Amino acid sequence: MVAITLPDGSKRDFEGAVTGLQVAESISKSLAKAVVLAKVDGEDWDLNRPITTDATVSLVKKDDEEALDLLRHDGAHVLAQAVQELFPGTQITFGPSTDDGFYYDFHREEPFSTDDFAAIEKQMRKIVERNDEIVREVWSREDVHKYFTENGETFKAEWVLELPEDQDITMYRQGDQWVDLCRGPHLPSTGRLGTSFKLMKLAGAYWRGDANNPQLQRIYGTVWRNDKELKAYLTRLEEAEKRDHRKIGREMGLFHIQEEAVGAIFWHPKGWKLYSTLEDYMRKRITVADYVEVRTPQLVDRKLWEMSGHWDKFHEHMFIAEVDEVDSAAAEDSKRMLALKPMNCPGHVQIFRQGIRSYKDLPMRMAEFGACHRYEPRGALHGIMRVRAFTQDDGHIFCTEDQIVSETKVFIDLLKSVYKDLGFTEIAVKFSDRPEKRAGTDEIWDKSEAALKEATEAAGLSYTLNPGEGAFYGPKLEFVLRDAIGRDWQCGTLQADFVLPERLDAAYVGEDGEKHRPVMLHRAILGSFERFIGILIEQYAGKFPVWLAPTQAVVATITSVADDYAEEVTNALKAAGVRVECDLRNEKINFKVRDHSVKKVPLILVVGAREAEEKTVAIRRLGGKAQEVMSLDAAIELLKSEAALPSGE
RNA sequence: GCCGCGGUAGCUCAGUGGUAGAGCGCACCAUUGGUAAUGGUGAGGCCGAGAGUUCAAUUCUCUCUCGCGGCACCA
């Protein structure tokens with residue numbers, strides 16, 4: 001007798017071992033049809049796995065949110081089976097579910113092509129139609145190893161030997177022929193997967209994520225509970241594509257990149273207006289926040305990088321310039337090696353080191369919009385988001401250990417306020433604590449970790465822990481913001497550093513008259529201007545708030561009789577500091593409105609004979625239908641205030 | 001860097017072993033109009049670069065280069 005308790009508290013008795021599917025059948029036919037997974041005492045169980053002892057059982061239906069992960073995992077298996085049926089000799093490796101689908105990594109001498117997708121999808125549909133039974137089997141490690149070795153599945157054979165000794169090794173049999181090593185759970189049969197899936201892309205991936213290992217071929221797919229969901233997902237992807245900063249950047253004429261300067265940006269007039277507006281805004285904010293702005297050299301002798309430790313660890317990511325010593329007779333054929341700075345911190349320490357610093361000078365908040373170069377791997381480059389030449393909104397706060405908490409808190413408040421001005425309100429924090437290889441004593445780490453945590457909490461932010469992911473010189477906070485379509489971007493950072501001040505001999509004189517080491521807090525809010533502007537473009541889909549828009553307003557005439565007045569309006573707005581253009585083209589107003597709307601100009605000021613006569617303007621906002629007629633003076637005041645930089649209030 | 005895919009007009013994309021195509025944009029002409037496309041005419045191309053096969057290559061093959069999607073990387 002097995003007694004099954006259901007979620008509503010009711011009990012059912014069964015003669016002997018019973019499966020989740022049988023429990024469902026005992027309740028109703030429709031439930032038996034819809035169910036995909038059993039939860040036995042809270043644990044995921046395959047529907048056809050026998051339950052032999054009394055248990056609490058709840059059933060997951062295909063419509064339930066929870067079912068997605070299972071369906072996707074089964075999608076991966078059906079893909080793997082289809083591929084092996086179509087391409088004998090292909091080895092299977094791993095195939096997990098992902099956030100919106102699954103992938104499966106294969107090993108095959110011949111490359112797959114996306115042209116194969118149609119055939120593979122067709123085969124997957126056949127497997128679903130066949131409704132192959134999926135059965136969980138417990139095997140011994142030796143049997144699994146033998147099985148895969150005999151079948152030429154070297155990756156699987158290697159993997160099984162590394163599974164923990166004390167764990168049951170489960171194999172899932174799918175149909176008569178096909179078996180895969182898997183933890184499960186799975187559907188009872190392939191038919192329950194349905195056909196709301198689609199193969200998405202093909203990519204290379206390294207065996208076990210290590211670039212030293214052989215490369216496998218990864219096929220990505222997506223799975224949903226029904227066709228409507230699948231379609232919605234594909235639409236969502238299209239929407240994201242429309243926001244792509246590379247596409248919008250080209251359409252709006254913001255920037256370009258060309259072969260001769262890979263990883264660096266040619267900013268066009270409109271793009272640079274956006275950039276410099278963001279820079280003006282950041283300068284305003286940090287000035288109010290008591291930072292001092294500095295500028296440090298681009299090219300710095302190798303010696304400094306050796307002292308700071310960068311040469312040792314990162315020189316292959318640095319751009320090197322080698323020059324002949326031309327003006328030194330003593331060093332006739334000697335070379336001098338310089339490197340473009342990949343970071344600003346060593347430069348800032350040099351400024352801090354000039355003269356004698358007192359504890360009264362601390363905290364010293366030093367900021368630089370620092371242009372850095374890093375030799376990023378080619379495959380890492382992406383539009384203006386990941387480049388080799390970029391500008392950080394960098395800053396280093398030199399302070400005492402006792403000031404870490406208050407400085408962190410002040411920084412987080414500034415960061416939150418900046419993000420809010422820029423349109424981001426959902427912020428997550430990741431806290432990375434001490435890594436295994438680190439500098440500094442445990443005592444110092446205890447202190448700095450506690451300080452960062454305390455300050456984060458005091459600033460009203462919750463955080464998730466990233467154990468062991470801190471920098472070698474100190475713990476770090478990373479600030480992640482969520483954009484308008486739910487994507488996460490890591491931008492800001494705050495890192496406590498006890499090492500660099502030591503290496504570069506930064507010191508201040510304390511109250512006691514003795515020399516002390518300051519702590520350095522490395523911090524950035526945007527991260528880099530280039531990347532952040534990319535994020536802003538995608539966040540707003542190019543439709544920037546007035547204060548950020550490269551062109552804030554266009555004055556457009558209806559007929560040429562209003563030309564003189566239109567120029568008068570334009571000049572008045574220019575004088576008021578508004579970025580405005582004048583459109584006197586011999587075109588219909590419909591055409592002009594459409595043209596400037598497509599170009600995403602936030603405000604269109606329409607003037608015709610009537611407005612010229614009455615000294616008014618008709619304002620139309622981007623995306624809106626309504627127009628508001630007001631006096632020129634009122635319009636100037638309105639635009640002036642909307643065009644102004646926000647101040648974090 | 002690795003795997004797969006791609007590069008044709010300013011942009012989006014057709015196309016072909018034998019003289020290169022469309023839409024939008026651009027220029028010019030006409031049109032003076034009331035809130036998302038007025039009509040006409042025209043210009044615009046080393047078909048990414050180099051080599052090979054061929055009577056002939058934008059088209060087929062190879063190398064390079066750049067881009068795209070992942071992987072690895074992101075101090």
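This structure is a prediction, so every number in the text was calculated from the model and none was measured. A note on names: the letters A, B, ... follow the listed sequences, proteins ahead of strands, and every chain is numbered from 1.
Comparing A:I257 and A:H317 by the nucleotide of RNA chain B that holds the closest heavy atom to each, the one mapping nearer the 5' end is A:I257.
Using a 4.0 Å heavy-atom distance criterion, A:K588 is classed as a base contact. Counting non-hydrogen atoms under 4.0 angstrom, A:V561 reaches nothing in the nucleic acid. Residue contacts shown for A:R388 are absent, as no nucleic acid heavy atom lies under 4.0 Å away. Backbone-only contact: A:H382 has heavy atoms under 4.0 Å from sugar-phosphate atoms and none from a base.
With a cut-off of 3.5 Å on both pairing distances, the Watson-Crick or G-U wobble partner of B:U12 is B:A22.
The aromatic ring centroids of A:F87 and A:F106 lie 6.0 Å or more from each other. Checked against the 6.0 Å centroid threshold, A:Y275 and A:F529 count as a close aromatic pair. A ring-centre distance under 6.0 Å is not found for A:F197 and A:W224.
Between the side chain of A:R386 and the base of B:C73, a donor-acceptor pair under 3.5 Å is found. Residue A:R620 places a side-chain atom within donor-acceptor reach of the base of B:A36, judged by atom type and a 3.5 Å distance cut-off alone. Under 3.5 Å, the side chain of A:E316 and the base of B:G1 form no donor-acceptor pair of N or O atoms. For A:Y375 and B:G1, a side-chain-to-base donor-acceptor distance below 3.5 Å is absent, hydrogens and geometry of angles not being considered. Scanning atom types as modelled, no donor and acceptor separated by under 3.5 angstrom connect the side chain of A:E259 and the base of B:U65.
Not one side-chain nitrogen or oxygen of A:K592 sits closer than 4.0 Å to the OP1 or OP2 atom of B:G34. Look at A:R594 and you won't find any side-chain N or O under 4.0 angstrom from OP1 or OP2 of B:G25. Of the side-chain N and O atoms in A:R378, none sit less than 4.0 angstrom from OP1 or OP2 of B:U65. Between A:R250 and the phosphate of B:U12, there is a side-chain N or O to OP1/OP2 separation shorter than 4.0 Å. OP1 or OP2 of B:A36 sits under 4.0 Å from a side-chain N or O of A:N590.
Because its NZ or CZ atom is not both nearer than 6.0 Å to the ring centre of A:F117 and within 45° of the ring axis, A:K201 does not count as a cation-pi partner of that residue.
Between the side chains of A:Y206 and A:D105, no donor-acceptor pair of N or O atoms lies under 3.5 Å.
Separation of the P atoms belonging to B:C28 and B:G6 is 41 Å when rounded to the nearest angstrom.
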